[in-house]
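First comes the structure, then the notes that go with it.
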Number of protein chains: 4
Amino acid sequence: MGIKSRKEREKEQKRRLILNAAKKLFSEKGFSKATMEEIAKEAEFSPGTLYLYFKNKDELDASLSVEILEFLSDKLHEVVENQELDPLQKLYALKEKVFEVYNYDPDLLVSLFHLKTRKTFQHLTRKLVERIDTLSRDALKTLAKIFDEGINKGVFIEKHPNELADIFWSIYSGVVLWEDSKKFLNEDKNFIMETLETAIDIFIKGVLK
Amino acid sequence: MGIKSRKEREKEQKRRLILNAAKKLFSEKGFSKATMEEIAKEAEFSPGTLYLYFKNKDELDASLSVEILEFLSDKLHEVVENQELDPLQKLYALKEKVFEVYNYDPDLLVSLFHLKTRKTFQHLTRKLVERIDTLSRDALKTLAKIFDEGINKGVFIEKHPNELADIFWSIYSGVVLWEDSKKFLNEDKNFIMETLETAIDIFIKGVLK
Amino acid sequence: MGIKSRKEREKEQKRRLILNAAKKLFSEKGFSKATMEEIAKEAEFSPGTLYLYFKNKDELDASLSVEILEFLSDKLHEVVENQELDPLQKLYALKEKVFEVYNYDPDLLVSLFHLKTRKTFQHLTRKLVERIDTLSRDALKTLAKIFDEGINKGVFIEKHPNELADIFWSIYSGVVLWEDSKKFLNEDKNFIMETLETAIDIFIKGVLK
Amino acid sequence: MGIKSRKEREKEQKRRLILNAAKKLFSEKGFSKATMEEIAKEAEFSPGTLYLYFKNKDELDASLSVEILEFLSDKLHEVVENQELDPLQKLYALKEKVFEVYNYDPDLLVSLFHLKTRKTFQHLTRKLVERIDTLSRDALKTLAKIFDEGINKGVFIEKHPNELADIFWSIYSGVVLWEDSKKFLNEDKNFIMETLETAIDIFIKGVLK
DNA sequence: GATGAATGAGTATTCATTCAT
DNA sequence: TATGAATGAATACTCATTCAT
C-alpha cells in the first residue's frame, strides 16, 4: 500500500470505467443479453481493450462481484470493530450500513446475485475464484461476530451465529431482489428502502431474547 | 372444464414432460445457458417438438412460472381459507406449506426467480403476461389477508399487510436462493430447511405484538 | 461392410461435400486463411451445418488427413499383398500406386502435410488422433514389409526396412511439396510427375544391391 | 560495403535478434499461429519495435527466408567452386554441407518451407520478392552445375541437371520435414541425421552411371 | 403430430497494426 | 528510437427457430 505510479492509477481508473459500464449493462439487461461490444461502447473503449483488462466476459462479471464484496466487507468491519456499540446497537448500525450500500449503488446486490446464481466458475482464473471465496466467507464471519457477541451477552436468542448471519443476509438480499423484480410487473417501485427497514426491524425484534 | 378427450390428456402430459425438463435445466444452469436442444433431450423429444407446445424459449420459461405460481397459489388458499385457524396458527401453517412446496420440488423457487429477474416480457403472448400478473398479485393478496386479519385482531404489529406479505415472501425466497447459492462456494448444503425454519420463526416472533 | 440406410449414405455424401470443399480451400489458401464461411459456401451449406459434421475447424482438417491416409493405406496393401510380385517388382508397382494417388488428387499430399506440420492436436477428439496415429504407423509398416522382404532375399542393400520406408516416403512427399511450391515462384509447373518418376527410379537403383 | 557505423551494426544486430525469435516461433508453431507479440517477447522487444525493422508480419517471414537462402547459397558455392574436387567428390562434399546447415540450425529448413508453401506474396515489397526469386534460382543453378559436370564427364546418369538438382533438394527437405513431423506422433526423434545420410547415399548410388 | 437436419444471425475473442508519449 | 496501450476488423462457433419429410 502507499504510493502508486501515475500509470498504475490510470490503469485502475480505466478498469473501473469498464466495470461501471459492465455493471450498468449487466443489471439492465442481464449477463447474457449484454454484449461485450455494448459494454465497450458504454465505457468508450474498443472491444479489444476490454480483453486487456479482463480475461473474458465471465471474468469481467466476477470482478464486478469482487468489487461489491470488498465494499460490503469494509462496511461490515467498520461496524463490528466499533468498540463503543453493544450488540443491539451494532445491529442497528448494520441496518444503516445496509442502507448506505444500497444508496451507494442500488444495483450492487443484483449484480452480486448474478454471480451467485451462475453455476460455473470454469472460465475464471483460480485467483479470482479464491478471492471471491475468501471475501464471501470473511463477510459472513464478520457478520457472525456480532451475533456471537449478542448471544454471549444474553441479548440475542440462542442460535448458531452463522445461521443468524445467513438469515440477516438472506433478508437483505431477498428484499432487494424481490422488490427489484416487482418493477417488471408494473408495481410502484422504490419501496425497497421502506420494506428493507421494516424487514430488518422485524428481524431485530425476532432475535432479541 | 370437465371431460377431456384422451388426446387432450396426452397433450397435457407431454407439455408437462417438457416443463419438467425445462425446470430442471433452468434451475441447474440458468435460463440463458440451458439450450432448447438439451431440454428436448431431457424430455426425450426432438427440438422441433418443443415448438409445438410452446411458442418460443421465453414462453416455455414463462409457462413454467405459471405452473409454479398456480401451485403456490393453491397452497396459500388452503391456509387462508381454513376457518379453524387464528392468524398466528395460520402463520405457522404457512410455514408448513412453505416446507411442503420446498419438499415437492426444491427448484421451484429458483425457477420462479428466473422469471422475476428477466428484464423483458417482449416475446411473451399478452395472455401469458396477464396470467402471470394475476397469479402474482393474487398470491400476495392472499398472503396479505392473513396479516390483515392478524393486525385487525391486534395480534400482529401495525404494518401494512402487503408489506408484511412482501417481507414474508422475501425471506422465503431470500433464504432458498442464498442457501442454494452457497453450494457453489463449497459450503455444506441442505441447511436450507433448517435455516428456513429459523428464519420464519424469527419473523413470526418479530411480527407479534 | 454391409447395408447402410439411405440416411447414412446421404450423411456420408454431405460429409464428403464438406471435405472436398475444405480440401480445395485449404490447399489453395492454406489452413489459416481459409475461413469456415468460405468452406461452407463452397460446399453449398450454411456455416452452422459444418459443425454438425465436424466438431471444429481443426477436426475438419484432420478428418481430411484421415481420408488421405486411408486411401494411401489401401493402395499400399494392394501392392504388398500381391503374391505374384518379387520385391523389386513391388517397388515398381509402388511407383505406379504413387502416381495413382497423385492422379486421383494432386492436392492430397499437400493437405496431409498441413496436419503433419501443425504442432497441436489439442482441439482434436482423442478418437481422431488415435485413428491418424494408427493409419500412419500402419502405412509405414506396410511399406517396410516390402523392404524387409527385399533385404531378406538379398536383393536390396542391408539397411533397416523402416529407414528405407521413411526415405521412400520422404522422397515422395518431398518431391510433391517441392515441385508444388515452385509454382509460386512462377516456374513452369506440372513437372511433378516426371520429377517423381526420376526420383523414384534413382531411389530404386540406389537400394539395389 | 566496407565500414559500417556503430549505429548500423547495432541496427543489424537487433534485426537479427528479431529474425531469430521469428525463426524459432515460426518453426515451432507455424506462421499463422505465432503472434507478433510472442515474437516480440522472445526477442525482448515491444510489439511496436518489430515494425521499425520489418514492414509487416509477412515481410518478417520473407526476410527470414532470404537469410536462409543466403546461407544455403554460400555453402553451395563453396562446394561448386572448389576446383580440386571431381563431381562425385562434390556430391559427397555437398552431403557434408547439408549436415553443416542442419547442425547450424535444425529449424532453417522448416522455416524456409513456410515461405514456399505460402500462397501469396501480396504483402511483400517487390524488392524482397525479387531477392527471394533470384536467390532460389541461383541456389538451384549452382546445384545443377555439379550435376551438369558429372553428366558431361560421364560419371552420372544422363538426366537434366536441373531435374537432378530438384530431386537432391527434395530429398533433403523431404527427409527433414518428414522426420521432424514424426515427433508429433510420438516417435523417437533425432534420427534425422542418420536418415538424411542414408537417403543421400542412396541418391548418390542412384545417380552414378 | 413428430422429427431432426439445416439455417444464419448473433457474439465472444484474437491479433496485426498504429501512434501518442 | 522504443514503447505498449489501444484499436477494430476478422472469424470461429453457437443455438433458437424453421420446415420438408
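To find a chain, count down the sequence lines: A is the first, B the second, and so on, and within it residues start at 1.
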Kindly list each side-chain donor-acceptor pair under 3.5 angstrom involving residues 35-43 of chain B, sequence neighbours excluded, with atom names and distances?
unit_1: B/T35; atom_1: OG1; unit_2: B/E38; atom_2: N; d: 3.1
unit_1: B/T35; atom_1: OG1; unit_2: B/E38; atom_2: OE1; d: 3.4
unit_1: B/E38; atom_1: OE1; unit_2: B/K29; atom_2: NZ; d: 3.4
unit_1: B/E38; atom_1: OE1; unit_2: B/T35; atom_2: N; d: 2.9
unit_1: B/E38; atom_1: OE2; unit_2: B/K29; atom_2: NZ; d: 2.5
unit_1: B/E42; atom_1: OE2; unit_2: B/K24; atom_2: NZ; d: 3.4

remark   = In whole angstroms, the gap separating P of F/dA9 from NZ of A/K41 amounts to 11 Å
task = Only one of B/R15, B/R16, B/E59, B/E12 passes side-chain contact (heavy atoms from CB on, under 4.5 Å) with B/Y53; say which it is.
result = B/R15
ask   = Just by protein heavy atoms under 4.0 Å, how would nucleotides 11-18 of chain F read 5' to 3' in B, S and -?
value = SSBBSSBB
key: Under 3.5 Å donor-acceptor, C/S27 side chain and C/K23 backbone   = yes
request  = Quickly work out the D/E38 CD to F/dG4 P distance and round it to whole Å.
outcome  = 17 Å
request  = Using atom types as modelled and distance alone, determine if a side-chain donor or acceptor of B/E8 lies under 3.5 Å from a backbone N or O of B/S5.
outcome  = yes
key: Nucleotide F/dA6, atom P - distance to CD of A/Q13 in whole Å   = 12 Å
key: Atom pair distance, as rounded to whole Å: CD in D/E44 and P in F/dT3   = 11 Å
ask   = Under 4.0 Å: is that the gap between some side-chain N or O of A/Y53 and OP1 or OP2 of F/dA5?
value = no
ask   = Can you check whether B/K14 has a side-chain N or O nearer than 4.0 Å to OP1 or OP2 of E/dG1?
value = no
key: Nearest-angstrom distance from the residue atom CD1 of D/I18 to P of F/dT1   = 12 Å
key: Atom-pair distance (CZ on D/F45; P on F/dT1), nearest Å   = 11 Å
inquiry  = Minimum heavy-atom separation for B/K57 and B/F31, please, with both atom names.
reply    = NZ-O, 2.9 Å
inquiry  = From CD of D/E8 over to P of F/dT1, roughly how many Å is that when rounded to an integer?
reply    = 10 Å
key: Minimal non-hydrogen separation, B/I18 against B/F54, with atom names   = CG2-CE1, 3.6 Å
key: C/S46 side-chain N/O to E/dT7 phosphate OP1/OP2 under 4.0 Å   = yes
query = Taking side chain as C-beta onward, heavy atoms only, is D/L60 less than 4.5 Å from D/L19?
reply = yes
request  = In whole angstrom, give the distance that lies between atom CZ of C/R15 and atom C1' of E/dA5.
outcome  = 16 Å
ask   = Hey, does the side chain of B/K11 come within less than 4.0 Å of E/dG1's phosphate (OP1/OP2), counting only N and O?
value = yes
inquiry  = Tell me which nucleotide, if any, is Watson-Crick or G-U wobble paired with E/dA5 when both distances must be under 3.5 Å.
reply    = F/dT18
